[in-house]
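Working notes for the structure below.
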Amino acid sequence: MNLKKILLSPPHMGGNEQTYIAKAFQDNWIVPAGPHIDLFERGLENFFKENIQVTALQSGTAAIHLGLQLLGVQKDDEVLCQSLTFVASVNPVLYLGATPVFVGSEKETWNMCPIALEEAILNRLKNGIRPKAIAVVHLYGMPAKMDEIIALSKKYNIPILEDAAEALGSFYNNKPCGTLGDFGVLSFNGNKIITTSGGGALISHSDVDKKKAIFLATQAKEDAVHYEHKQMGYNYRMSNISASIGLGQLEVLQNHLQLRRQNNTFYQQLFDTISEATLHQEPNENFISNHWLNVIQLASYSQREALRLHLEKNNIESRPVWKPMHLQPLFQDNLYFGNDLTDKLFDNGLCLPSGSNLSEEDFNRIKEAIRSFFI
Ligand SMILES: *Cc1c(COP(=O)(O)O)cnc(C)c1O
């Protein structure tokens, strides 16, 4: 096969990344501190146009870890987690010695179902346990039903960690995803909307919280010349080199978002004529997805797998929907509140190539391959 492989969501450089890296080398800022980290944080803060603070870290997973810790999650606590997600949303709960309690999806956004969430909260309260946090995810960029989830958060006084790792540039009721919870999380891994090769950020709503995040991310070093430590910390701060890549990527963020939405338009037109597959779309205009990945639901597991193999034969990458956490061997003893919709989304769902750097030729190959499968 001499056709180049079409990937799901590869890195897409803007052009100026290496200029910023060269500048960092020139000034010898090749450390996990420096001016490009500050500029990258400020650039993101400006993007959100909200009164928020951004702390740049080595990964989205690190941001989730710090966010949960800042919400007070400790050993033997319980955290209410969306089951349908990537394991990075949940692993930090384990780092803290806490226990995830899983909540299933609702059919419109595929994210945490508010009805199942309340059922889970009531069950845990009945058992004398007050969950410490709600860890909701905007999966594939699709905003979760935040009005309902925030209402439950207030009603039961349980704070929200908002995993917006896949949702930079998504909006809910005109508010940017990542800024709706008590803390928000972004990821700049290689496959996300923008990348710093690897990286992430914690979004907070006060200077105090940002200071605490930086403190924990830099080994919890007290303000003393002799390295005084009163509590355990981590080495989680983003490097100035990664932030240099981030500065180049910020310049093309709006463009990348526009291109991702154009991909969605392409898939809408394609699947309009194919009744056997349904493209995942926003339920109404209060939800604006960045369409990080375009995902379809097929009639059955076997059809999903057949299409995946057909695309693979054509050198086109596709991938099943994330395997829900409540079905993972790692979490076989954890509680789950929800119905079998979550399992079905996994069985029948397939993610399609959605990078912001797809070419006309790529689109044609994808169209041909998908059409030839169904016709
Ligand atoms: C990518 C991702 C993360 C983790 O981000 P990293 O930067 O890879 O650590 C967390 N949650 C979700 C839903 C993700 O897709």
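For clarity, every value in this text was computed on a predicted model and none was experimentally measured. As the structure lists them, so they are numbered: ligands from 1, and atoms in each ligand from 1.
- In this structure, a donor-acceptor pair under 3.5 Å is absent between the side chains of Asp209 and Gln53.
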- Quick one: do Ile193 and Leu257 satisfy side-chain contact (heavy atoms from CB on, under 4.5 Å)? Show the steps, please. CA-CA 7 Å; Ile193 294 285; Leu257 289 169; 3.9 Å; yes
- Task: Go through Lys230 and Glu228 one step at a time and tell me if the salt bridge (charged side-chain N to carboxylate O under 4.0 Å, His left out) criterion holds.
- Result: CA-CA 7 Å; Lys230 295 180 185 160; Glu228 178 94 354; over 6 Å; no
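- With Tyr227 as the aromatic partner, Lys221 meets the cation-pi criteria of under 6.0 angstrom to the ring centre and within 45 degrees of the ring axis.
- Taking the salt bridge (Lys or Arg N to Asp or Glu O under 4.0 Å) definition, one finds that Glu251 meets it with nothing, sequence neighbours left out.
- At a 4.0 Å heavy-atom cut-off, the residues surrounding ligand 1 are Ser59, Gly60, Thr61, Ile64, Thr85, Phe86, Ala88, Ser89, Val137, Asp163, Ala165, Glu166, Ser187, Asn189, Lys192, Gly199, listed by chain and number.
- Cation-pi check for Arg124 over Phe337 is not met; the charged atom does not lie both under 6.0 angstrom from the ring centroid and within 45 degrees of its normal.
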